[in-house]
Amino acid sequence: MAVTDYARRGTSGTPCGAKSFRAQSPAGRPDGALALAPVKPLDVKLDAESSYTFSYQIAGEPGHWYARLGARRRQCSVEVSPAKWRPLGENDVQAAVDAAAVIIQQVLERAGR
């Protein structure tokens, strides 16, 4: 699913200010697209030239949240999805994103050496 393509076109922290959007889904989905609503920007501070963080729900799956983070510094780009293996509860999103942000920051710092 190309969710992050939407985020990369937006400004830092929000996928184009969207409240919802449609993303291409993997093969096997009958309509070939996946409706995501709502989409929420998250407040995460990264020492990077550009970054984005947002969480989203898949329409029809209330209570299941997913998140995406990404950052770029010079030639190094890092992207993390802390909910890749299982969806998160709404109260778990910020803690998972904060932990993923630490990993992104460590990667960017090591790449800068």
Side-chain angles (χ1 to χ4, degrees):
M1 156 173 60
V3 174
T4 55
D5 291 340
Y6 291 88
R8 287 187 186 117
R9 293 184 198 130
T11 59
S12 179
T14 178
C16 305
K19 299 274 191 258
S20 67
F21 55 86
R22 293 180 67 80
Q24 295 300 315
S25 64
R29 193 148 170 102
D31 61 1
L34 188 61
L36 306 176
V39 176
K40 295 181 181 179
L42 299 169
D43 185 27
V44 175
K45 305 292 185 236
L46 294 166
D47 183 18
E49 293 168 4
S50 64
S51 66
Y52 62 89
T53 57
F54 65 98
S55 63
Y56 60 95
Q57 282 184 303
I58 297 174
E61 291 186 28
H64 294 149
W65 286 87
Y66 301 86
R68 296 280 180 165
L69 299 90
R72 181 180 61 80
R73 187 191 301 162
R74 293 184 218 109
Q75 298 296 318
C76 182
S77 294
V78 183
E79 181 177 82
V80 176
S81 176
K84 185 172 179 111
W85 297 279
R86 65 174 178 81
L88 300 165
E90 187 171 8
N91 295 333
D92 301 325
V93 171
Q94 191 63 50
V97 167
D98 290 343
V102 170
I103 293 168
I104 288 176
Q105 198 62 54
Q106 289 173 348
V107 169
L108 293 175
E109 288 170 6
R110 286 185 181 199
R113 290 182 185 166

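Positions are given from 1, in the same order as the sequence printed here.
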Is there a side-chain contact between Leu69 and Pro82, using heavy atoms and a 4.5 Å cut-off?
yes

In the structure I gave you, are the side-chain heavy atoms of His64 and Glu90 within less than 4.5 Å of one another anywhere?
no

What residues, two or more places apart in sequence or in another chain, satisfy salt bridge (charged side-chain N to carboxylate O under 4.0 Å, His left out) together with Glu61?
none

Check the pair Phe54 / Arg68 against side chain to side chain contact (heavy atoms under 4.5 Å, CB included), numbers first and verdict last.
CA-CA 6 Å; Phe54 65 98; Arg68 296 280 180 165; 3.9 Å; yes

With sequence neighbours left out, write down each residue that passes side-chain hydrogen bond (donor to acceptor under 3.5 Å, both in side chains) with Gln94, or none if nothing qualifies.
Asp98

How far does CG of Leu108 sit from OG of Ser51, to the nearest 0.5 angstrom?
9.5 Å

Taking all non-hydrogen atoms of both residues, which atom of Leu46 and which atom of Ala71 are closest, and how far apart?
CD1-CB, 3.9 Å

Between Gly89 and Trp65, which heavy-atom pair has the shortest distance, and what is it?
C-CD1, 4.2 Å

With side chains defined as the heavy atoms from C-beta onward, is the minimum distance between Cys76 and Val107 less than 4.5 Å?
yes

Show every salt bridge (Lys or Arg N to Asp or Glu O under 4.0 Å) that has at least one partner inside residues 44-58, sequence neighbours left out.
Asp43-Lys45, Asp47-Arg73, Glu49-Arg72

Backbone N or O of Leu42 within a donor-acceptor pair of the Thr53 side chain at under 3.5 Å?
yes

CD on Glu109 to CD on Gln105, rounded to 0.5 Å:
5.0 Å

Do the non-hydrogen side-chain atoms of Ile58 and Tyr66 ever get within less than 4.5 Å of each other?
yes

